[in-house]
S.K.: 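Pasting a structure below so you can have a look.
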Amino acid sequence: MNLVGVSRLTQVRLLFFLIMSVCINLVMDGLPHGLKPAQIFVLPFTCCFLLAFALFLKPTWFGELAIAAGEKTAWFYGIALVIADFFVLRQEAHHYQPFGYQWHPALTLGVCAAIALLFFLCQARVASAPLWGLAVVCSAYAALEALSIKSFPLAIERSDMFAMIQAACTELLHGHYPYHWYYWPTEHVFSPYLPAVYLAYLPAVVLKIDPRWMSLFYLLLIAVVAYWAARPESKRVVTSVLAVFLVGNYLIYRHDLYLQPYWLVFTLLAIFICRGDLLWAAVALGVALNFSQLTLAIFPFLLLHAWQKESLKKAVQTTLVFVATAVIILGPFLWKHTHEVYFGIIGNYYNFMHTVDARPMNLAHWAAQVVTPEHLKAVQMAALVTIFGVAVFAKKCATAAGCLACMTTAFLAFIMLNILIDGYFYLTFLTLAMGYLFTANQWWRSPEAA
């Protein structure tokens, strides 16, 4: 392929990555409950998102039309996101005011204006050191998250995730088993998270700090490792994409998310696959499985990649490393308490099996018009088996980019057909999509370039 063709394809991928980001940031948690039927209003976003995803994976389908999407485009989109962040933070403070949320208009305006100005300078100074851009991006996210930590308390009425994590970590520190019922004035919850979540936030409980500072730290690590993995000539464009992710309206709105360490592991997984370090990728995948059961949707593709790229022997080695890593972390928690762990991460959700609770972009709502919610799992599994079957027979996982494309597709199919879906699942998807974008566009170092 000639250089012009490569340049056009990289531009198309970037363009449709940005369009997917637009859809995610506009829909966020989903449309208000008052809109009936809400899914009619979400449907155009769902269709636009799926079309953008298809063209993201297959940029040649876009034809020969000229594309002008590059580093500057990403920076200008980042500026638009920062402007929108101001209004998102304002609305958030107003909506959750009964939970103690405070609005600091002058401070918020100053922070957003400073970030927008720095982003503008970044796109203008194309010859500047790429490390400058990374510093700007990290500082921008840190400032916005610190502003949320200052203004928005972790009220259990909204942010019950961290309340649960802190309580379970406290149990671990006292030598107690964390998988049991927890009772609060507002609700009672059985410990619902896999052990890596608790281990990742244990330092915050030990240090007695707001766990969101740990989330901030993990997200900054994502930016640093993604930047480190980039080719020298691609560091600036990688930084501009990271800017779009880190100042995204939905990420800023959900200041109480706990998934940042999971995204970090996914980023490392993508880097290892890109660089051909399959055994390390297996370690990352084993760790990821201990963060979220959603990882089950993608693990077969790493094993298939090892087989199609190298050999059956490599696939077996990769499988053994993956299983060993997963068992080393999960095993001590399963010992003598298998039923409790099972109930926490799976049994908790039995009550959702009879209704579709999916307000963001999804296909589950529409599939449930054809089959009953109880049978949606079969539809979900059929979609995953189909994707895997295509990957096997068409050898789609023979390359690093192909493996990540299959992983991203499978993960998206899984969440869009799930009975229960929260909007922040799409931020995990966006992390995987970034890994594919950086790999397919050859912005990350390959083994030959390392």
Side-chain angles (χ1 to χ4, degrees), residues 24 27 29-30 37-39 42-43 45-47 49-50 53-54 161 179 189-197 259 262 266 285-286 288-304 319 322-323 326 330 334 338-393 396-397 405-429 432-433:
I24 292 170
V27 175
D29 280 329
Q39 284 300 321
V42 176
L43 184 59
F45 294 100
T46 305
C47 294
F49 177 83
L50 289 174
F53 179 66
M161 294 178 288
Y179 288 93
V189 181
F190 197 95
S191 181
Y193 302 122
L194 282 158
V197 175
L259 289 169
Y262 184 45
F266 264 11
L285 196 64
L289 183 60
N290 278 277
F291 274 104
S292 173
Q293 54 268 45
L294 296 180
T295 310
L296 291 171
I298 69 171
F299 85 92
F301 297 97
L302 177 63
L303 315 182
L304 183 61
T319 302
F322 163 69
V323 172
L330 185 59
L334 285 175
T338 305
H339 175 75
E340 288 86 347
V341 176
Y342 175 83
F343 180 79
I345 64 175
I346 297 177
N348 257 332
Y349 303 101
Y350 282 157
N351 292 333
F352 296 100
M353 293 298 292
H354 306 294
T355 58
V356 176
D357 184 14
R359 290 171 53 231
M361 296 180 294
N362 72 89
L363 299 178
H365 171 83
W366 304 105
Q369 309 306 308
V370 181
V371 301
T372 62
E374 291 84 353
H375 292 98
L376 267 179
K377 279 294 178 188
V379 175
Q380 190 182 50
M381 288 304 302
L384 294 177
V385 169
T386 300
I387 295 167
F388 186 75
V390 171
V392 170
F393 292 107
K396 292 291 186 180
C397 287
C406 290
M407 285 182 168
T408 308
T409 304
F411 189 85
L412 180 61
F414 187 90
I415 63 175
M416 292 197 84
L417 289 170
N418 210 40
I419 291 176
L420 173 64
I421 173 175
D422 287 304
Y424 54 78
F425 290 177
Y426 285 97
L427 293 176
T428 305
F429 159 82
L432 269 175

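Numbers here simply count residues along the sequence, with the first being 1.
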S.K.: Looking only at heavy atoms, what is the nearest atom pair of Phe425 and Leu420, with distance?
M.R.: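 In this case the closest contact between Phe425 and Leu420 is CE1-O, 3.8 Å.
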
S.K.: Could you tell me the separation between the CE atom of Met407 and the CG atom of Leu285, rounded to the nearest 0.5 Å?
M.R.: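 The distance works out to 6.0 Å.
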
S.K.: List the atom of Pro360, the atom of Val27, and the distance in Å for their closest heavy-atom pair.
M.R.: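 Of all heavy-atom pairs spanning Pro360 and Val27, the closest is CA-CG1, 4.0 Å.
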
S.K.: Answer whether the closest heavy-atom distance between the side chains of Val379 and Val370 falls below 4.5 Å.
M.R.: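 Heavy-atom side-chain distance check fails, nothing below 4.5 Å.
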
S.K.: Could you tell me whether the side chain of Asn362 and the main chain of Ala364 form a donor-acceptor pair under 3.5 Å?
M.R.: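 It does hold such a pair.
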
S.K.: What's the separation between atom CD1 in Ile298 and atom CZ in Phe301, rounded to the nearest 0.5 Å?
M.R.: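 Here the rounded value is 9.0 Å.
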
S.K.: Taking the side chain as every heavy atom from C-beta outward, state whether Thr428 and Leu294 have any pair of such atoms under 4.5 Å apart.
M.R.: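 No, every pair of side-chain atoms sits at 4.5 Å or beyond.
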
S.K.: Return the minimal non-hydrogen interatomic distance between Ala410 and Ala297, and the atom names on each side.
M.R.: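 Looks like CB-O, 3.6 Å.
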
S.K.: Looking at side-chain heavy atoms only, is the closest gap between Ile24 and Met361 below 4.5 Å?
M.R.: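 Ile24 vs Met361: side chains touch.
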
S.K.: Are the side chains of Leu302 and Phe322 in contact, using a 4.5 Å heavy-atom criterion?
M.R.: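 No, too far: nothing below the 4.5 Å cut-off.
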
S.K.: Between the side chain of Gln369 and the main-chain N/O of His365, is any donor-acceptor distance below 3.5 Å?
M.R.: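 Confirmed, Gln369 side chain pairs with His365 backbone.
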
S.K.: If we only count heavy atoms from C-beta on, is the Trp366 to Leu43 side-chain gap below 4.5 Å?
M.R.: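 Touching, per the 4.5 Å side-chain cut-off.
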
S.K.: Would you indicate whether the side-chain heavy atoms of Leu259 and Leu427 approach each other to under 4.5 Å?
M.R.: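 A side-chain contact is absent here, since even the closest heavy-atom pair is not under 4.5 Å.
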
S.K.: With a 4.5 Å heavy-atom cut-off, do Asp422 and Asp29 have their side chains touching?
M.R.: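 They are not in contact (no side-chain heavy atoms under 4.5 Å apart), so the answer is no.
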
S.K.: Evaluate the criterion ring-ring contact (aromatic ring centres under 6.0 Å, His included) for residue pair Phe414 and Phe429; output intermediate values, then yes/no.
M.R.: CA-CA 11 Å; Phe414 187 90; Phe429 159 82; over 10 Å; no

S.K.: Name all residues meeting the side-chain contact (heavy atoms from CB on, under 4.5 Å) criterion together with Thr319; count only those two or more places apart in sequence or in a different chain, and write none if there are none.
M.R.: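 Checked Thr319 against side-chain contact (heavy atoms from CB on, under 4.5 Å); matches are Leu303, Val323.
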
S.K.: What is the distance from atom NE2 of His375 to atom CD1 of Ile419, rounded to the nearest 0.5 Å?
M.R.: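 Interatomic distance, His375 NE2 to Ile419 CD1, rounded to 0.5 Å: 11.0 Å.
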
S.K.: Are Val392 and Phe388 close enough that some pair of their side-chain heavy atoms sits under 4.5 Å apart?
M.R.: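 Val392 vs Phe388: side chains touch.
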
S.K.: side-chain hydrogen bond (donor to acceptor under 3.5 Å, both in side chains) between Ser292 and Tyr193: does it pass, once the steps are laid out?
M.R.: CA-CA 7 Å; Ser292 173; Tyr193 302 122; over 6 Å; no

S.K.: Got a donor-acceptor contact below 3.5 angstrom from the Asn418 side chain to the Met416 backbone?
M.R.: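 Looks like no, no N/O pair under 3.5 Å.
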
S.K.: Taking the six-membered ring for Trp, are Phe49 and Tyr426 ring centroids under 6.0 Å apart?
M.R.: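 For Phe49 and Tyr426, the ring centres are under 6.0 Å apart.
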
S.K.: Check Cys406 against Ile387 and note the closest heavy-atom contact, atom names and distance.
M.R.: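 Looking at all heavy atoms of both residues, the shortest contact is O-CG2, 4.3 Å.
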
S.K.: What closest approach, in Å, do Leu417 and Ala383 show between heavy atoms, and which atom pair accounts for it?
M.R.: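 So the minimum-distance heavy-atom pair works out to CD1-CB, 3.8 Å.
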
S.K.: Could you report the tightest heavy-atom contact between Phe266 and Ala288, atom names first, then the distance?
M.R.: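 Smallest heavy-atom distance, with atoms named: CE1-CB, 3.8 Å.
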
S.K.: Using 0.5 Å steps for rounding, measure from the CG atom of Asn290 to the OG1 atom of Thr295.
M.R.: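 Nearest 0.5 Å value for the CG-OG1 distance: 8.5 Å.
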
